[in-house]
Amino acid sequence: MEYNNIREACFELATHLMWEKDSLTLDKIESKLSELNTITENLYNISEDQLETRKGLGIDSGIVSRVIYYINRVHAIPPLRGNYDWFENTLDVLLELTCPNTFLKKGSKHILLLKDIEKGIETSQSNATDE
């Protein structure tokens with residue numbers, strides 16, 4: 001199935017990972033197009049696999065694309081280019097937090113981490129700027 005919103009997010013991430021977003025000029029496009037396409041497609045395939053694996057958990061392409069945009073803004077450090085393990089692991093963790101596949105017992109020590117994450121999210125939301 002084709003998820004254009006995920007592909008668009010992967011393309012933006014790929015350009016960022018290649019450090020080409022601001023420096024890619026028309027004369028350089030042709031030589032970089034193949035690599036950009038390969039990176040985009042690999043990121044997309046990983047994302048689509050994650051979506052298909054988690055479909056029963058209420059996940060949709062909108063959530064996956066938002067996670068990718070978040071990764072691009074917060075976690076992507078150029079020039080990672082083809083470091084797909086990093087992307088897959090980061091995507092997996094953020095999707096697990098968004099649409100949990102594992103449920104914890106109340107009062108467990110694991111719940112404390114979720115409370116820390118909640119505090120972090122509240123801080124991020126309160127410090128958000130008008131970009």
Side-chain angles (χ1 to χ4, degrees):
M1 182 175 268
E2 182 70 26
Y3 301 103
N4 288 331
N5 56 339
I6 294 175
R7 188 176 302 284
E8 184 177 310
C10 289
F11 175 79
E12 285 191 30
L13 177 58
T15 58
H16 184 204
L17 293 176
M18 289 179 65
W19 262 343
E20 303 296 343
K21 191 175 196 176
D22 298 322
S23 62
L24 192 58
T25 59
L26 281 173
D27 58 322
K28 293 180 183 176
I29 287 177
E30 192 171 326
S31 67
K32 301 290 184 179
L33 200 52
S34 177
E35 181 182 11
L36 182 60
N37 185 54
T38 298
I39 293 171
T40 299
E41 287 306 305
N42 286 333
L43 296 173
Y44 176 80
N45 290 334
I46 291 167
S47 302
E48 188 179 42
D49 287 347
Q50 287 278 357
L51 174 60
E52 294 302 320
T53 300
R54 297 170 182 270
K55 262 215 165 139
L57 302 171
I59 197 168
D60 61 25
S61 65
I63 292 171
V64 175
S65 63
R66 288 190 294 274
V67 168
I68 296 166
Y69 284 120
Y70 181 83
I71 290 170
N72 193 11
R73 176 67 176 96
V74 177
H75 296 285
I77 303 169
L80 287 170
R81 283 183 139 86
N83 188 338
Y84 304 112
D85 290 337
W86 160 84
F87 174 72
E88 186 170 15
N89 292 332
T90 304
L91 181 65
D92 184 52
V93 167
L94 291 171
L95 289 175
E96 177 64 26
L97 290 171
T98 307
C99 300
N101 188 31
T102 304
F103 298 97
L104 305 171
K105 291 182 181 180
K106 289 184 179 183
S108 71
K109 59 185 174 185
H110 307 99
I111 295 295
L112 295 175
L113 175 63
L114 296 179
K115 291 180 186 278
D116 294 335
I117 291 168
E118 281 180 329
K119 287 178 191 174
I121 290 169
E122 289 172 7
T123 301
S124 290
Q125 288 176 335
S126 66
N127 292 332
T129 60
D130 296 328
E131 287 186 332

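- The CG atom of L51 lies 8.5 Å from the CG atom of L95; values are rounded to the nearest 0.5 Å.
- Residues F87 and H75 have side chains not in contact (no heavy-atom distance under 4.5 Å, counting atoms from C-beta outward).
- Distance CG/L113 to OG/S108: 10.0 Å, rounded to 0.5 Å.
- Under the 4.5 Å side-chain heavy-atom criterion for grouping Ile, Leu, Val, Met, Phe, Trp and Tyr, L104 is not connected to L112 through any hydrophobic cluster.
- K115 pairs by the side chain to side chain contact (heavy atoms under 4.5 Å, CB included) definition with I111, E118, not counting sequence neighbours.
- Note that CG of N5 and SG of C10 are 9.5 Å apart. Values are rounded to the nearest 0.5 Å.
- Taken from OG1 in T40 to CE in M18, the straight-line distance is 8.5 Å, to the nearest 0.5 Å.
- Of the options D92, N101, D60, a side chain to side chain donor-acceptor pair (under 3.5 Å) to R54 is made by D92 and by none of the others.
- Considering all non-hydrogen atoms of both residues, I63 and G58 come closest at CD1-O, 3.9 Å.
- Shortest non-hydrogen contact noted between Y3 and Y44 is N-OH, 3.0 Å.
- In this structure the side chain of V64 never reaches within 4.5 angstrom of the side chain of Q50, judged on heavy atoms.
- For the pair L114 and I117, the minimum side-chain heavy-atom distance is below 4.5 Å.
- Connection of Y69 to I46 is not established within any shared hydrophobic cluster, with ILVMFWY side chains joined at heavy-atom distances below 4.5 Å, either directly or through further cluster members.
- Interatomic distance, OG of S61 versus CD of E2, reported as 10.5 Å (0.5 Å rounding).
- Side-chain atoms of N45 and Y84, non-hydrogen and from C-beta on, never get closer than 4.5 Å to each other.
- A 4.5 Å side-chain heavy-atom check between Y70 and T98 finds every atom pair outside the cut-off.
- Contact of the E96 side chain with the T102 side chain is registered, since non-hydrogen atoms from C-beta on lie closer than 4.5 Å.
- Rounded to the nearest 0.5 Å, atoms CG (L13) and CZ (R73) are 13.5 Å apart.
- The cluster map of Ile, Leu, Val, Met, Phe, Trp and Tyr, joined by side-chain heavy atoms under 4.5 Å apart, puts L57 and L97 in different clusters.
- The environment of CZ in F11 is sparse: at most 12 heavy-atom neighbours from other residues, nucleotides or ligands sit within 6.0 Å.
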